[in-house]
Amino acid sequence: MVIFEYRRLDMQIGYIQNNASKTEQVRQHQALLSYAKDNGIHLECVYVDVSFANIRDTMLPSCDRILVYNISSLGESLAEIKENLQFCKKHNLSIQSIEDGYDFKVQNLTDDFFKGVDVAIEVRSRLISKNTKKVLQQKKNEGMKLGRPFGAIVKKRLEGKEEEIRQLLLQKVTKAEIARRFGVSRITVFNFVKRNGLENKESCVA
């Protein structure tokens with residue numbers, strides 16, 4: 001997991017998320033080294049992993065500062081970034097992001113800060129929902145049919161099963177049981193049977 005190591009000088013480490021290309025990883029690695037050199041920061045090592053959470057168990061126990069290329073390296077979502085920042089607070093770890101200039105010192109990771117992140121998560125979720133509805137309504141206004149076509153499930157799961165279902169009905173198998181067998185609702189079976197004329201007085205079983 002640790003692919004770049006240096007002579008131990010102090011307890012500051014770097015982290016690069018490895019969901020980028022190798023070229024991008026090397027570029028970020030060089031950027032971390034350059035920033036550290038220019039600012040008198042001595043890195044113990046640089047971790048490269050798909051998830052920041054994966055380095056928790058292997059992180060140096062006496063580490064007190066983490067340098068990342070950008071804050072998005074800490075997670076795939078705001079919620080995941082928040083969780084990892086809470087981990088840093090719990091273990092007295094400061095985080096510095098060199099691309100976007102964030103410097104999260106332990107004393108800044110307060111309850112009010114995390115409440116603010118929660119608000120941002122909620123606002124973002126509502127905006128996504130609002131924008132999605134707006135786009136769908138626009139498509140609907142333009143005459144586009146939305147959603148699954150009516151009867152699509154029936155066509156997919158019951159199409160070509162007419163004779164099989166007729167025989168099940170003749171054997172007094174209930175529509176509820178037929179529905180379970182084919183993974184559809186009971187009303188779907190009722191409608192399919194009626195639409196295809198599969199039911200007669202002898203085979204009429206609910």
Side-chain angles (χ1 to χ4, degrees), residues 15-25 27-28 48-54 56 68-89 95 97-102 104 108-166 168-169 173-199 206:
Y15 167 69
I16 299 172
Q17 194 175 39
N18 75 346
N19 56 2
S21 66
K22 275 291 183 183
T23 301
E24 177 61 18
Q25 289 178 36
R27 187 182 74 82
Q28 291 189 23
V48 179
D49 201 283
V50 66
S51 171
F52 178 81
N54 290 344
R56 293 178 180 178
V68 297
Y69 183 70
N70 54 48
I71 195 63
S72 63
S73 301
L74 293 183
E76 297 294 332
S77 66
L78 278 175
E80 187 176 349
I81 290 173
K82 174 194 170 186
E83 179 184 342
N84 286 325
L85 286 174
Q86 287 176 319
F87 169 84
C88 291
K89 177 185 177 181
I95 292 273
S97 172
I98 66 174
E99 183 184 46
D100 36 33
Y102 294 127
F104 296 105
N108 300 135
L109 298 175
T110 63
D111 290 341
D112 285 341
F113 170 84
F114 288 114
K115 287 178 182 178
V117 176
D118 285 334
V119 170
I121 292 172
E122 178 64 22
V123 169
R124 185 173 186 276
S125 176
R126 289 179 181 272
L127 284 174
I128 291 174
S129 177
K130 181 180 179 180
N131 290 335
T132 299
K133 289 178 181 178
K134 183 178 179 180
V135 171
L136 291 177
Q137 185 60 48
Q138 183 177 348
K139 290 183 178 181
K140 187 176 181 181
N141 292 340
E142 293 172 353
M144 183 180 294
K145 292 184 178 180
L146 304 176
R148 188 192 300 270
F150 179 75
I153 295 179
V154 175
K155 183 177 181 180
K156 182 178 180 181
R157 298 186 181 179
L158 299 184
E159 186 179 41
K161 306 291 185 181
E162 291 84 357
E163 186 57 33
E164 183 177 350
I165 291 175
R166 188 195 304 276
L168 289 171
L169 291 170
V173 177
T174 67
K175 295 183 181 67
E177 176 58 30
I178 292 173
R180 284 193 291 272
R181 289 191 186 193
F182 290 98
V184 297
S185 68
R186 185 178 173 187
I187 191 65
T188 294
V189 173
F190 268 101
N191 292 336
F192 185 80
V193 167
K194 183 178 180 179
R195 184 164 49 253
N196 291 278
L198 302 180
E199 194 170 60

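- Using a 4.0 Å cut-off between a side-chain N of Lys or Arg and a carboxylate O of Asp or Glu, Glu162 and Arg166 do not qualify as a salt bridge.
- For the salt bridge (charged side-chain N to carboxylate O under 4.0 Å, His left out) test, residues two or more places apart in sequence or in another chain that qualify with Lys89 are Asp111.
- In this structure, Arg27 pairs ionically with Glu24, as a charged nitrogen and a carboxylate oxygen lie closer than 4.0 Å.
- When side chains are defined from C-beta on, Phe182 does not count as touching Val189, because their heavy atoms never get closer than 4.5 Å.
- The two atoms that bring Phe52 and Tyr15 nearest to each other are N-OH, 2.9 Å, heavy atoms only.
- One distance of note links CG of Leu74 with CD1 of Ile95; it measures 5.0 Å at 0.5 Å rounding.
- Annotation: the span from Asn54 atom CG to Asp49 atom CG amounts to 4.0 Å, rounded to 0.5 Å.
- Note that the NZ atom of Lys175 and the CD1 atom of Ile165 stand 11.0 Å from one another [nearest 0.5 Å].
- The distance from atom CD of Gln138 to atom CG of Asn141, rounded to the nearest 0.5 Å, is 8.0 Å.
- Rounded to the nearest 0.5 Å, atoms CD (Glu163) and CG (Leu168) are 10.0 Å apart.
- A donor-acceptor contact shorter than 3.5 Å links the side chain of Asn196 to the backbone of Phe192.
- Put simply, the side chain of Leu169 reaches to within 4.5 Å of the side chain of Ile178, judged on heavy atoms.
- In this structure, Thr174 OG1 and Arg180 CZ are separated by 6.0 Å, a value rounded to the nearest 0.5 Å.
- In this structure, Tyr69 has no ring pair (Phe, Tyr, Trp, His ring centres under 6.0 Å) partners at least two apart in sequence or on a different chain.
- Here the closest heavy-atom approach between residue Leu109 and residue Cys88 is recorded as CD1-CB, 4.5 Å.
- Of all the heavy atoms in Leu85 and Phe104, the pair that sits closest is CD2-CD1, 4.2 Å.
- By the ring pair (Phe, Tyr, Trp, His ring centres under 6.0 Å) test, Phe114 is found to be paired with no residue, residues two or more places apart in sequence or in another chain being considered.
- Among residues at least two apart or in separate chains, side-chain hydrogen bond (donor to acceptor under 3.5 Å, both in side chains) pairs with a member in residues 76-87 are Gln17-Glu76, Asn19-Glu76, Arg56-Asn84, Lys82-Asp118.
- Residues satisfying the side-chain contact (heavy atoms from CB on, under 4.5 Å) test with Asp100, not counting sequence neighbours, are Asn70, Ile71, Ser97, Tyr102.
- With sequence neighbours excluded, no residue satisfies side-chain contact (heavy atoms from CB on, under 4.5 Å) with Ser125.
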